[in-house]
Amino acid sequence: MNFNERKNLIVITGPTAIGKTALSIQLASHFNTEIISADSRQFYKELKIGTAPPSAEELATVKHHFIGNLSINDSYNVSKYETEALAKITGLFTIHDYLVVAGGSGLFIDALLHGIDDLPDPDEELRQFLKLKYANEGISSLRMMLKEYDPEYYEVVDLANSKRLMRALEVCISSGKKYSELRTNFKKPREFSSICIALNRDRSELNQSISFRTDAMIKKGLEAEARLFFQLRHLNPLNTVGYREFFDYFEGLISYDDAIEKIKTNTRRYAKRQITWFKKKEEFSWFHPDDYAGILNFINSKK
RNA sequence: GGUGGGGUAGCUCAGCUGGUAGAGCAACGGACUGAAAAUCCGUGUGUCGGCGGUUCAAUCCCGUCCCUCACCA
């Protein structure tokens with residue numbers, strides 16, 4: 001990229017149900033530009049209710065990218081997103097000075113802003129082998145294996161987290177190198193400026209918003225939508241709040257009312273994890289979602 | 001109004017023969033490199049309904065008042 005004018009990526013993030021969609025549309029309209037989604041569940045076109053994607057009206061107001069661009073049968077990952085989103089952004093910056101990124105998936109935003117290390121993609125056979133090993137021999141077998149392949153990573157990894165252990169083993173085995181050596185944490189330079197905005201508000205208000213939105217999803221037919229995918233529930237994109245709880249209900253494990261309560265609880269927890277993630281990212285400035293004037297002022301001050 | 005049960009953490013409830021209390025869930029805090037709305041780790045947050053009394057010591061025993069549930073009027 002070689003731009004004469006400065007290109008600005010306005011990043012809008014924050015916990016779920018805080019109001020990212022509405023704000024991003026307002027901003028994109030103001031700057032007469034487009035929106036890049038950074039929401040790892042709104043990619044899936046089949047998930048129309050439970051992931052709270054922008055409405056048809058909203059999509060008609062502002063051009064969105066990476067909304068409903070994948071199927072739940074696709075296998076996708078952050079690295080692909082980095083490549084595709086970066087390419088999309090690079091293209092759009094030839095006609096826009098501002099672009100808006102909106103979404104709450106911290107790892108994906110991180111990959112977009114700073115890149116992610118060049119690691120091998122998961123190999124399905126190898127992953128199955130490791131899953132089986134974990135199921136049959138327990139987590140200690142993964143630990144012992146990792147200690148052999150990569151003692152340095154073994155020292156720092158969360159030894160209780162089977163997915164981290166399996167992923168590290170995957171990388172070691174398929175690359176023939178140590179995971180700890182491939183993880184450079186190098187921040188790739190980007191040829192645009194980022195204006196990073198995180199939204200948050202009083203926790204009780206956020207919880208109320210979560211409860212309200214969940215009820216709205218139920219009214220829109222979330223149960224029926226979940227039922228469509230019951231047979232496909234093993235797919236990763238369906239390991240998602242709002243669907244998994246209904247799957248438990250369909251299996252007779254919990255009651256209907258419990259399913260709805262659990263959707264709310266798990267959404268609250270998800271929101272908390274998002275807040276924890278972004279709190280330590282110093283590049284983000286925090287705003288109340290209603291403070292549009294303050295946010296606009298902040299963006300313009302970055303010129 | 002009478003009789004009986006109950007009032008302990010945000011909720012549901014344990015708590016022995018008196019030694020200022022603990023489970024589940026919720027909540028809160030944290031980690032995070034191709035599964036990330038995923039996955040994992042950590043933390044009891046309390047006028048034991050109020051006021052008196054007995055006792056070296058009361059969530060526990062006694063009195064009284066308040067609240068609540070059930071049954072009887």
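Only this structure's heavy atoms are used, side chains among them; waters, hydrogens and symmetry mates stay out. Note that the structure is a prediction, hence the values are computed from the model and not measured.
For Ser140(A), the side-chain hydrogen bond (donor to acceptor under 3.5 Å, both in side chains) criterion is met by no residue, not counting sequence neighbours. Qualifying salt bridge (charged side-chain N to carboxylate O under 4.0 Å, His left out) partners for Glu34(A), counting only residues two or more places apart in sequence or in other chains: none. Looking at residues two or more places apart in sequence or on another chain, you find a salt bridge (charged side-chain N to carboxylate O under 4.0 Å, His left out) between Lys281(A) and Asp110(A). For Phe212(A), there are no ring pair (Phe, Tyr, Trp, His ring centres under 6.0 Å) partners two or more places apart in sequence or in a different chain.
Gly50(A) comes within 4.0 angstrom of a nucleotide base, judged by non-hydrogen atoms across all strands. Backbone-only contact: Ser105(A) has heavy atoms under 4.0 Å from sugar-phosphate atoms and none from a base. Note on Asn239(A): only backbone sugar-phosphate atoms sit closer than 4.0 angstrom, heavy atoms only; bases stay farther off. If you check every strand for non-hydrogen atoms under 4.0 Å, Tyr81(A) touches nothing. Heavy atoms of Asp39(A) sit under 4.0 angstrom from at least one base atom.
Comparing the C1' positions of rA31(B) and rA21(B) gives an interatomic distance of 32 Å, to the nearest angstrom. The same atom, P, is picked in rU47(B) and in rA38(B); the two are 34 Å apart, to the nearest Å. Spacing between rG18(B) and rC48(B) at atom C1', rounded to whole Å, works out to 14 Å. Across the C1' atoms, rG6(B) and rG19(B) are found 26 Å apart, a figure rounded to whole Å. rG44(B) and rG10(B) have their P atoms separated by 16 Å, with the value rounded to a whole Å. rC66(B) and rA73(B): their P atoms are spaced 24 Å apart (whole Å). Using P as the reference atom, rC41(B) and rG7(B) are 35 Å apart when rounded to the nearest Å. Nucleotides rC67(B) and rG49(B) place their C1' atoms 8 Å apart, quoted to the nearest Å.
Atoms CG (Leu165(A)) and P (rC41(B)) sit 12 Å apart, rounded to a whole Å. The distance from atom OH of Tyr270(A) to atom P of rA36(B) is 10 Å, rounded to the nearest whole Å. Between Tyr134(A) atom OH and rA35(B) atom P the separation is 16 Å, expressed in whole Å. With rounding to whole Å, Glu82(A) atom CD is found 16 Å from rA36(B) atom P.
For rG63(B), the paired nucleotide is rC51(B), the pair qualifying as Watson-Crick or G-U wobble because both relevant distances are below 3.5 Å. Pairing of rG22(B), defined by two Watson-Crick or G-U wobble distances under 3.5 Å, is identified with rC13(B). Shown here, rU39(B) forms a base pair with rA31(B); the pair counts as Watson-Crick or G-U wobble because both key distances fall under 3.5 Å. Using N1 to N3 plus N6-O4 or O6-N4 for Watson-Crick, or N1-O2 and O6-N3 for G-U wobble, each under 3.5 Å, rU68(B) pairs with rG5(B).
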For this session: Could you go through the ring pair (Phe, Tyr, Trp, His ring centres under 6.0 Å) check for Phe66(A) and Tyr81(A) one step at a time?
Result: CA-CA 9 Å; Phe66(A) 301 97; Tyr81(A) 176 76; 5.6 Å; yes
For this session: Run the numbers on Glu225(A) and Lys48(A) for salt bridge (Lys or Arg N to Asp or Glu O under 4.0 Å), then give the verdict.
Result: CA-CA 8 Å; Glu225(A) 181 169 283; Lys48(A) 296 189 182 91; over 6 Å; no
For this session: Take nucleotides 26-33 of chain B nucleotide by nucleotide from the 5' end and write B, S or -, depending on whether a protein heavy atom sits under 4.0 Å from the base, only from the sugar-phosphate, or from neither.
Result: SSBBSBBB
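Counted within 6.0 Å of NZ on Lys133(A), heavy atoms from surrounding residues, nucleotides or ligands total more than 12; the atom is thus considered enclosed.
An anti orientation is assigned to rG42(B), its glycosidic angle lying beyond 90° of 0.
Sorted by first and then second residue, the side chain to side chain donor-acceptor pair (under 3.5 Å) pairs involving residues 260-271 of chain A (not counting sequence neighbours) are Ser211(A)-Lys264(A), Asp215(A)-Lys264(A), Glu245(A)-Asn266(A), Tyr270(A)-Gln274(A).
Two residues, Thr240(A) and Pro122(A), neighbour RNA chain B, and the one matched to the more 5' nucleotide by heavy-atom proximity is Pro122(A).
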